[in-house]
Amino acid sequence: MAWLHAAALGYTTLEPAAFHDRLTRGSFGLLIDTRRQAEWDAGHLPNATFIQSLQETRNTSLIDGCRSCDVGVYCRTGVRSRLAADVLEAAGFTAVYDVQGIVQWQEAGRALVGTASLTPGCAIARST
């Protein structure tokens with residue numbers, strides 16, 4: 001199955017192949033890495049926005065302009081991303097996807113990058 005829907009929570013969990021396909025097509029307005037700073041510094045997914053420990057801080061103010069964008073959220077293995085997806089749903093984000101973790105990404109043979117955190121266009125548009 002390419003995706004799983006968490007009916008009680010409202011977000012969708014994507015399996016690695018479905019996530020990669022959507023990412024390649026540019027389907028996400030925002031891709032959030034919700035790990036810790038040292039984890040981010042060691043490598044992350046391309047075009048990701050780093051929001052350290054979103055699942056704990058619950059602070060979405062940086063991305064409030066992205067509430068109607070397709071938002072993917074990931075961590076290391078998928079545990080923290082599920083919690084962060086809950087936070088985003090509760091904050092009014094309407095199209096949230098748990099894309100699991102970098103472990104699954106790397107197991108699929110894909111590389112990590114060391115680029116700067118991306119400021120998504122939806123967040124920029126809101127601040128201007």
Side-chain angles (χ1 to χ4, degrees):
M1 176 178 288
W3 57 272
L4 303 170
H5 188 69
L9 302 172
Y11 63 83
T12 301
T13 299
L14 296 179
E15 297 300 325
F19 165 55
H20 184 261
D21 180 56
R22 288 184 61 111
L23 188 64
T24 302
R25 288 184 291 140
S27 297
F28 294 102
L30 173 62
L31 179 62
I32 299 171
D33 183 317
T34 186
R35 298 175 301 149
R36 293 180 193 91
Q37 185 70 55
E39 292 173 299
W40 168 266
D41 292 343
H44 48 273
L45 302 187
N47 301 316
T49 299
F50 180 54
I51 303 179
Q52 181 169 283
S53 302
L54 172 64
Q55 69 283 0
E56 295 171 8
T57 67
R58 306 180 71 81
N59 183 357
T60 63
S61 62
L62 186 84
I63 55 168
D64 280 345
C66 303
R67 288 184 192 277
S68 61
C69 295
D70 282 4
V71 178
V73 61
Y74 74 92
C75 59
R76 182 178 172 277
T77 62
V79 174
R80 292 174 282 180
S81 62
R82 284 190 299 272
L83 297 171
D86 289 339
V87 168
L88 293 169
E89 288 282 329
F93 288 77
T94 58
V96 178
Y97 296 86
D98 170 18
V99 299
Q100 302 181 48
I102 63 165
V103 168
Q104 292 88 344
W105 179 263
Q106 290 178 300
E107 285 174 351
R110 296 184 180 89
L112 301 178
V113 299
T115 55
S117 179
L118 181 72
T119 301
C122 49
I124 295 169
R126 182 179 182 269
S127 66
T128 57

In a table with atom names and distances, give each donor-acceptor pair under 3.5 Å that connects a side chain of residues 68-75 to protein atoms at least two apart or in another chain.
unit_1	atom_1	unit_2	atom_2	d
Asp70	OD2	Arg22	NH2	2.8
Tyr74	OH	Asp33	OD2	2.7
Tyr74	OH	Leu45	N	3.0

#### Entry: Passing option when Leu88 is tested against Tyr97, Tyr11, Phe93 for side-chain contact (heavy atoms from CB on, under 4.5 Å)
Phe93

### Over all atoms of both residues, closest heavy-atom pair of Pro120 and Thr49
CD-OG1, 3.5 Å

### Minimal non-hydrogen separation, Asn59 against Leu54, with atom names
O-CD1, 3.4 Å

### Task
Verify the cluster assignment for Leu112 and Trp40: are they in a single hydrophobic cluster under the rule of side-chain heavy atoms below 4.5 Å apart?
yes

### Message
Can you pull out every salt bridge (Lys or Arg N to Asp or Glu O under 4.0 Å) where at least one residue sits in residues 40-59? Sequence neighbours excluded, please.
### Response
none

### Query
Does the distance from a Lys or Arg side-chain N to an Asp or Glu carboxylate O, for Arg25 and Asp21, drop under 4.0 Å?
yes

### Side-chain heavy atoms of Leu31 within contact of Val99, under 4.5 Å
yes

Do [X] side-chain atoms and [Y] backbone N/O form a donor-acceptor pair below 3.5 Å?
X: Gln104; Y: Gly101; answer: yes
X: His44; Y: Ile102; answer: no
X: Gln100; Y: Leu14; answer: yes

### Residues which pass side-chain contact (heavy atoms from CB on, under 4.5 Å) with Glu39, listed by chain and number, not counting sequence neighbours
Arg35, Arg36, Arg76, Arg80

